[in-house]
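Note sheet for the following structure.
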Protein chains: 2
Amino acid sequence: MDYLSRTEELLLLAVWKLQDEAYGLAVRRHLSKLLGKEMSVGAVYVPLERLVRNGLLETWESEPTQKRGGRRKRFYRLTPQGMAALNAVKQLQESAWQNLPSLGLNLAS
Amino acid sequence: MDYLSRTEELLLLAVWKLQDEAYGLAVRRHLSKLLGKEMSVGAVYVPLERLVRNGLLETWESEPTQKRGGRRKRFYRLTPQGMAALNAVKQLQESAWQNLPSLGLNLAS
DNA sequence: AGGTTTCTTCTACGGAGTAAAACAAATAGG
DNA sequence: CCTATTTGTTTTACTCCGTAGAAGAAACCT
């Protein structure tokens, strides 16, 4: 389609929103809340890696934190390409929703 | 994902927009223009039929018109379910794009 | 009639989306 | 300590979506 899929868009936005706390499980929590439905682990990590492979995200590993179970995390951040893709899809969205005739009143077809 | 995919959303919006002229090839022309790229025939008809199967569109056949090559068309119209799905995805979209931190200025992390 | 145009149906395939198990590594607490 | 628990990532496998393109169908025109 040449445009971001919905999933990709939501993932990129989640990474953006979470800023310096954008790692796999945090993204999952964020989106699960937004969608009102628990997402599976794979539904997050797999497409996230695809976005990295396609150059829309960049990623790196951090040191472990000092919290219960806290271990090495893999963080994500938008690339310029990622931002551009978000802008493109937003514009698409806006044009697609413009000038919709009001339903119901089919006068004189 | 429980929400419309981008493709489904664009197809539903095209059907809505085209009103009583919403048939396969017209939808294709409309979307090709919106996307700035010629879509294949199958990229339109196949998902359209899926939307019918899932109850988001209803469809029926018309009589041929009196135009060169004009033949029987299969028209589409949104069902209430289809409208509801569009509303849902629009709200999702709006919440997903809200409260995004401005990039660049990572002050005092 | 034959060719052209408009439109739909069919088919086949690659890749996205998802669930779930397996794996890994840190901490807490007795 | 040393084991259970928590937090997190990687891997795998499967289903269904998205897409291209050929094939089929039926009208019109000259």
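Worth knowing before you read on, the calculation uses all heavy atoms, side chains too, and leaves out hydrogens, waters and symmetry mates. Note on naming: letters A, B, ... go to the chains in the order of the sequence lines (proteins, then strands), and numbering restarts at 1 for each one.
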When the distance from CD of B:Glu63 to C1' of D:dA26 is rounded to whole Å, what number comes out? 12 Å

Whole Å only: how far is the CD atom of A:Glu38 from the P atom of C:dT18? 13 Å

Should A:Val52 and A:Leu56 be counted in the same cluster of Ile, Leu, Val, Met, Phe, Trp and Tyr side chains packed under 4.5 Å apart? yes

Measure the distance from CG on A:Leu10 to C1' on C:dG17 and round it to the nearest whole Å. 13 Å

Taking atom CD of B:Glu9 and atom CG of B:Leu92, what is their separation to the nearest 0.5 Å? 9.5 Å

Between A:Glu38 and A:Arg28, is the side-chain contact (heavy atoms from CB on, under 4.5 Å) condition met? List the steps. CA-CA 8 Å; A:Glu38 194 76 359; A:Arg28 179 180 181 231; 3.5 Å; yes

Please report the distance, rounded to the nearest Å, between CG in A:Asp2 and C1' in C:dG15. 15 Å

Is it true that B:Glu61 and B:Lys73 have a side-chain N and a carboxylate O under 4.0 angstrom from each other? no

Base-contact (B) and sugar-phosphate-only (S) positions in nucleotides 20-30 of chain C, heavy-atom cut-off under 4.0 Å, - elsewhere: B---BSBBS--

What is the distance, to the nearest angstrom, from the CD atom on B:Glu49 to the C1' atom on D:dC16? 17 Å

Sort and list the pairs that fulfil ring-ring contact (aromatic ring centres under 6.0 Å, His included) and have at least one residue in residues 7-29 of chain A, not counting sequence neighbours. A:Tyr23-A:Phe75

A:Asn54 or B:Glu61: which one's nearest nucleotide on DNA chain C is closer to the 5' end? B:Glu61

May I ask you to verify if any side-chain N or O of A:Thr7 is less than 4.0 angstrom from the OP1 or OP2 atom of C:dG17? yes

5′-ward residue of the pair B:Phe75/A:Ser5 relative to DNA chain C: B:Phe75

Under 4.0 Å from OP1 or OP2 of D:dT10: is there any side-chain N or O of A:Arg74 that close? yes

Could you give the CG-to-C1' distance, from B:Leu31 to D:dA20, as a whole number of Å? 16 Å

Using 0.5 Å steps for rounding, measure from the CD atom of B:Gln93 to the CD atom of A:Glu94. 10.0 Å

Between atom OH in B:Tyr76 and atom C1' in C:dT9, what is the gap in whole Å? 10 Å

Reckon A:Arg29 touches a base, only the sugar-phosphate, or nothing at all at heavy-atom distances under 4.0 Å? sugar-phosphate

Nearest whole Å is fine: how far is C:dA16 P from A:Glu9 CD? 17 Å

Common cluster, B:Leu35/B:Val27, ILVMFWY with side-chain heavy-atom separation under 4.5 Å: yes

Taking only N and O in the side chain of B:Arg50, is any of them less than 4.0 Å away from OP1 or OP2 of D:dG18? yes

